[in-house]
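Worksheet: the structure to be examined is printed underneath.
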2 protein chains.
Amino acid sequence: MLPDDMDAVFLALGHRDRRRMLDLVRAHPGCCPRDLEDQFPFSRIALLKHLRVLERAQLLHSEKQGRQRRLYLNVVPLQLIHERWTTDFSSLWAGKLTRLKYQVETTSTPSKRKQKHG
Amino acid sequence: MLPDDMDAVFLALGHRDRRRMLDLVRAHPGCCPRDLEDQFPFSRIALLKHLRVLERAQLLHSEKQGRQRRLYLNVVPLQLIHERWTTDFSSLWAGKLTRLKYQVETTSTPSKRKQKHG
DNA sequence: AGCATAAGTAACTAAAAGGTTACCTATTTA
DNA sequence: TAAATAGGTAACCTTTTAGTTACTTATGCT
């Protein structure tokens with residue numbers, strides 16, 4: 001997964017209403033934008049834009065059916081991120097080590113750097 | 001974890017350079033902003049701002065030591081999100097079911113809604 | 001045919017993000 | 001003590017986000 005794609009996913013998730021949209025679509029696969037409309041405090045247009053953000057991040061997939069657009073959750077990006085982060089931050093996600101801060105362990109001294117002026 | 005806090009975490013992660021900062025701090029716990037400076041294409045001030053974003057999201061913790069500020073990774077927010085999402089999207093994260101789209105399963109018909117004009 | 005509905009586009013506004021330069025403060029250390 | 005260094009603020013600029021209203025398009029139904 002490219003960094004830009006990962007940006008898109010995290011940014012898409014960085015909005016509570018968008019997360020709620022995912023929840024709703026998961027709970028009602030195949031629902032349409034119109035169905036979600038009442039659930040949010042903003043206009044239909046704003047809703048459509050949020051859905052676009054989720055689609056760009058590939059968290060949602062949609063297909064046109066008649067005059068409606070039906071929405072489906074796509075969990076692949078979530079799975080890829082999960083994999084990536086359980087690999088890179090392996091022990092950290094695990095939750096088995098419940099130390100609050102990483103510093104408790106190996107704490108390195110800040111490197112003494114060369115002076116710049118020479 | 002409050003929705004706003006979760007927003008902060010996801011938004012903080014939605015930038016490749018900030019993710020790289022986390023990687024670096026994880027690899028060098030206790031390092032200082034100055035140590036990270038050369039690693040990024042932007043100015044020191046920009047770096048400081050990014051670090052603030054990560055601190056606001058509580059992904060980084062810092063403590064002043066002399067004239068330096070030492071940085072530490074805090075994995076708690078990651079763990080909390082991981083928990084939340086493995087609960088809510090439980091089967092989805094798992095990766096065991098590798099269906100590409102969720103729609104393959106229970107697909108509900110979009111609800112026929114009451115007409116508005118009455 | 002003709003109206004109601006679902007969706008999409010355009011154009012605009014306000015606020016937030018991401019960056020900059022210039023300047024200030026506080027510790028080291030030669 | 002004085003210079004170099006690490007960090008922090010202020011003020012500003014540009015781009016992106018998030019929202020709006022107004023209008024258009026296309027489908028479905030009576």
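Each chain gets a letter, A, B and so on, in the order its sequence line appears, and its residues count up from 1. Not measured: the values here are computed from a predicted model.
- Closest to the side chain of A:Arg69, out of D:dG19, C:dA7, C:dT20, is C:dA7.
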Under 3.5 Å, which protein N or O atoms sit close to an N or O of nucleotides 24-27 of chain C? Give each pair with its distance.
from, atom 1, to, atom 2, distance (Å)
C:dT27, O2, B:Arg67, NH1, 3.2

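- Residues satisfying the ring pair (Phe, Tyr, Trp, His ring centres under 6.0 Å) criterion with A:His50, sequence neighbours excluded, are A:His15, A:Phe42.
- Nearest heavy atoms, A:Glu37 versus A:Arg34: OE1-CD, 3.0 Å.
- The closest side-chain heavy-atom distance from A:Leu59 to A:Val53 is not below 4.5 Å.
- Look at CD on A:Gln65: it is 14 Å from C1' on C:dA7, rounded to the nearest Å.
- Judged by closest nucleotide on DNA chain D, B:Lys64 is the one of B:Lys64 and A:Pro41 placed further toward the 5' end.
- Between B:Arg70 and D:dA6, a side-chain N or O to OP1/OP2 separation shorter than 4.0 Å is absent.
- Of the residues listed (B:Arg70, B:Arg69, B:Gln68), the one engaging B:Ser62 in a side chain to side chain donor-acceptor pair (under 3.5 Å) is B:Arg69, and it is the only one.
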Could you go through B:Arg20 and B:Gln39, starting from their C-alpha distance and side-chain angles, then the distance that decides it, and tell me whether this counts as side chain to side chain contact (heavy atoms under 4.5 Å, CB included)? CA-CA 9 Å; B:Arg20 202 148 61 80; B:Gln39 307 293 319; 4.1 Å; yes
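- Taking the side chain as every heavy atom from C-beta outward, B:Leu24 and B:Cys31 never approach each other to under 4.5 Å.
- Comparing C:dG19, D:dA6, D:dT20 by their nearest atom to the side chain of A:Ala46 picks out D:dT20.
- With contacts defined as side-chain heavy-atom distances shorter than 4.5 Å, the pair B:Asp35/B:His28 does not qualify.
- When the nearest nucleotides of DNA chain D are assigned to A:Asp17 and B:Leu48 by heavy-atom distance, the more 5′-ward of the two goes with B:Leu48.
- Clustering ILVMFWY residues whenever any of their side-chain heavy atoms sit less than 4.5 angstrom apart, transitively, puts B:Leu22 in the very cluster that holds B:Leu47.
- In this structure, A:Gln58 places its CD atom where only 12 or fewer heavy-atom neighbours from other residues, nucleotides or ligands lie under 6.0 Å away.
- Of the residues in residues 2-12 of chain A, none lies under 4.0 Å from DNA chain C by heavy-atom distance.
- Atom C1' of nucleotide D:dG7 and atom NE2 of B:His50 are separated by 17 Å, given to the nearest angstrom.
- Nucleotide C:dA16 holds its C1' atom 18 Å from the CZ atom of B:Arg52, rounded to whole Å.
- As rounded to whole Å, 13 Å separates atom P of D:dG8 from atom CD of B:Glu63.
- The two residues B:Leu60 and B:Leu73 have their closest heavy-atom pair at CD2-CA, 4.0 Å.
- Look at CZ on B:Arg16: it is 21 Å from P on C:dA17, rounded to the nearest Å.
- Rounding to whole angstrom units, CG of residue B:Leu47 and P of C:dG18 are separated by 13 Å.
- Taken from NE2 in B:His82 to CD in B:Gln79, the straight-line distance is 9.5 Å, to the nearest 0.5 Å.
- Taking the C1' atoms of five terminal pairs at each end of the helix from C:dA1-D:dT30 to C:dA30-D:dT1, the two resulting helix axes are inclined by 20°, rounded to 10°.
- Atom C1' of nucleotide D:dT20 and atom CZ of A:Phe40 are separated by 18 Å, given to the nearest angstrom.
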Between the protein and nucleotides 11-15 of chain C, which nitrogen or oxygen pairs come in under 3.5 angstrom?
none

A:Leu13 and A:Leu54: CA distance, side-chain angles, deciding distance, side chain to side chain contact (heavy atoms under 4.5 Å, CB included) verdict: CA-CA 8 Å; A:Leu13 293 174; A:Leu54 291 168; 5.5 Å; no
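- OP1 or OP2 of C:dT20 sits under 4.0 Å from a side-chain N or O of B:Ser43.
- In this structure the side chain of A:Leu71 never reaches within 4.5 angstrom of the side chain of A:Cys32, judged on heavy atoms.
- Residue B:Leu51 contributes atom CG, which lies 9 Å from atom P of D:dG8 at whole-angstrom precision.
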Would you give me the side-chain donor-acceptor pairs under 3.5 Å for residues 1-12 of chain A, sequence neighbours excluded?
from, atom 1, to, atom 2, distance (Å)
A:Asp7, OD1, B:Arg16, N, 3.2
A:Asp7, OD1, B:Arg19, NH1, 2.8
A:Asp7, OD1, B:Arg19, NH2, 2.8

